[in-house]
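One structure is given below, encoded as structure tokens.
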Amino acid sequence: MNSGVWEEVGCAKLWNEWCRTVDTTHLSPTEAFCVFYHLKSNPSVVLCQCSCYVAEDQQYQWLEKVFGSCPRKNMQVTILTCRHVTDYKTSESTSSLHTPFLKALKTQNFREPPCCSLLEQPNIVHDLPAAVLSYCQVWKISAILYLCYTDVMKLDLITVEAFKPVLSSRSLRSLVKNIPQSTEILKKLMTTNEIQSNIYT
Amino acid sequence: MASQYDRAITVFSPDGHLFQVEYAQEAVKKGSTVVGIRGTDIVVLGVEKKSVAKLQDERTVRKICALDDHVCMAFAGLTADARVVISRARVECQSHKLTVEDPVTVEYITRFIATLKQKYTQSNGRRPFGISALIVGFDDDGIPRLYQTDPSGTYHAWKANAIGRSAKTVREFLEKNYTEDAIANDSEAIKLAIRALLEVVQSGGKNIELAIIRRKQPLKMFSAKEIELQVNETGKEKEEAEKKKSKKTA
């Protein structure tokens with residue numbers, strides 16, 4: 001996010017029992033939980049990076065605050081989230097699943113074909129991503145949610161690359177820059193995040 | 001239903017599962033990939049090296065371990081469990097040699113490790129070992145062997161196999177590419193191991209470790225330079241093969 005292309009335009013601070021810091025009035029930008037950025041070259045493209053747990057009773061206010069300030073006509077929302085594959089309910093044998101894999105859920109107003117298969121019943125989406133998608137459905141906003149089922153607890157290169165098909169969707173295609181070093185950059189980002197755990201070799 | 005029958009190792013579920021053993025197999029998938037290939041005169045073990053912390057001594061993070069002069073194994077899964085199993089296996093190898101005055105056969109030591117693992121699936125208060133192992137070596141008769149064990153205590157002989165993360169992808173690659181030509185000579189077998197690993201290893205040659213045993217020779221661990229050479233050769237061959245393909249289709 002500090003590549004210079006994105007500019008921070010705001011943040012949402014909230015507190016619930018899951019938060020690690022106690023003092024929410026004096027949060028530094030790095031501790032702020034939901035940060036909003038817009039593209040410098042195209043300010044109508046807004047990105048929200050949410051790294052905290054938004055409790056159920058806070059979701060409505062969060063949505064009102066965020067969407068209330070954005071115009072709703074012709075808005076296109078894309079939600080990216082992930083979940084552990086043990087939550088995925090299927091009649092297939094789990095050993096035949098090729099994790100990580102992507103599943104999609106969309107609102108009625110979303111007309112494009114999704115980049116992957118739709119999430120089958122009885123699987124459900126949880127927390128803030130579900131709240132955002134429901135909000136978009138109620139307010140007839142075109143939205144799609146991409147859920148990546150992964151078998152690792154921490155984000156790694158393979159899981160992030162599972163989202164690559166999303167970059168070819170109509171709404172995001174125009175934003176994608178074809179950088180040949182993109183894989184290298186991605187690898188660098190991922191290796192700095194890897195925890196040096198010695199439990200498994 | 002699983003949650004009622006997966007707490008204790010000694011409890012079967014109504015449909016016959018031992019969930020703790022199956023969960024132990026999930027722990028194996030958290031370890032990095034190991035590939036083993038049985039050639040005609042060589043056995044090859046290739047592993048994906050785990051990234052080592054800056055201050056950590058690389059020599060102490062080894063996945064490939066010699067059990068005796070003519071047998072070695074590589075594991076995937078819980079590091080500490082592997083240490084215990086390897087230590088027991090090494091003692092058994094020497095004890096056998098002193099008692100019977102013959103080195104262990106690969107099958108014998110594999111059976112020993114598998115029996116040890118099985119005991120831990122049937123004992124109260126213990127959990128299964130969370131490792132799978134690929135055990136390779138040559139017996140006195142000069143025949144190369146490759147065995148795989150898993151947390152349940154089963155063992156099987158294989159021509160080529162992979163364990164750990166993305167093992168399925170590697171196994172599928174091996175099923176397609178393990179041919180008589182591919183193991184015709186030693187260097188071809190080594191290249192096959194490297195190609196199989198490169199299918200899933202993200203960062204190329206510097207994260208690969210390779211070991212071979214040739215008939216009547218001790219275990220040889222490849223140095224980083226030797227691995228890089230092999231990886232580059234494999235890369236070149238792949239490029240040439242792709243060029244030929246595109247010429248044919250053009």
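Everything quoted here is computed from the prediction, not taken from an experiment. Sequence lines set the chain letters: A, B, ... in the order given, protein chains first and strands last, and positions in each chain run from 1. All values below come from the heavy atoms of this structure, side chains included, with hydrogens, waters and symmetry mates left out.
The neighbour count for A:K140 NZ, taken as heavy atoms of other residues, nucleotides or ligands under 6.0 Å away, does not exceed 12. Residue B:K220 places its NZ atom among more than 12 non-hydrogen atoms of other residues, nucleotides or ligands, all under 6.0 Å distant. Remark: A:Q61 CD is loosely packed, at most 12 non-hydrogen atoms of other residues, nucleotides or ligands lying under 6.0 Å away. The environment of CG in B:D57 is crowded: more than 12 heavy-atom neighbours from other residues, nucleotides or ligands sit within 6.0 Å.
Checked by atom type and distance alone, the side chain of B:T79 pairs as donor or acceptor with a backbone atom of A:I199 at under 3.5 Å.
Separation of atoms CZ (B:R83) and OG1 (A:T201) is listed at 10.5 Å; rounding is to 0.5 Å. Atoms CG and OH, on B:D81 and A:Y200 in that order, are 9.5 Å from each other to the nearest 0.5 Å. Considering CD of B:E26 and OG1 of A:T86, their distance stands at 9.0 Å, rounded to 0.5 Å.
With a 4.5 Å cut-off on non-hydrogen atoms, B:A82 does not touch chain A at all.
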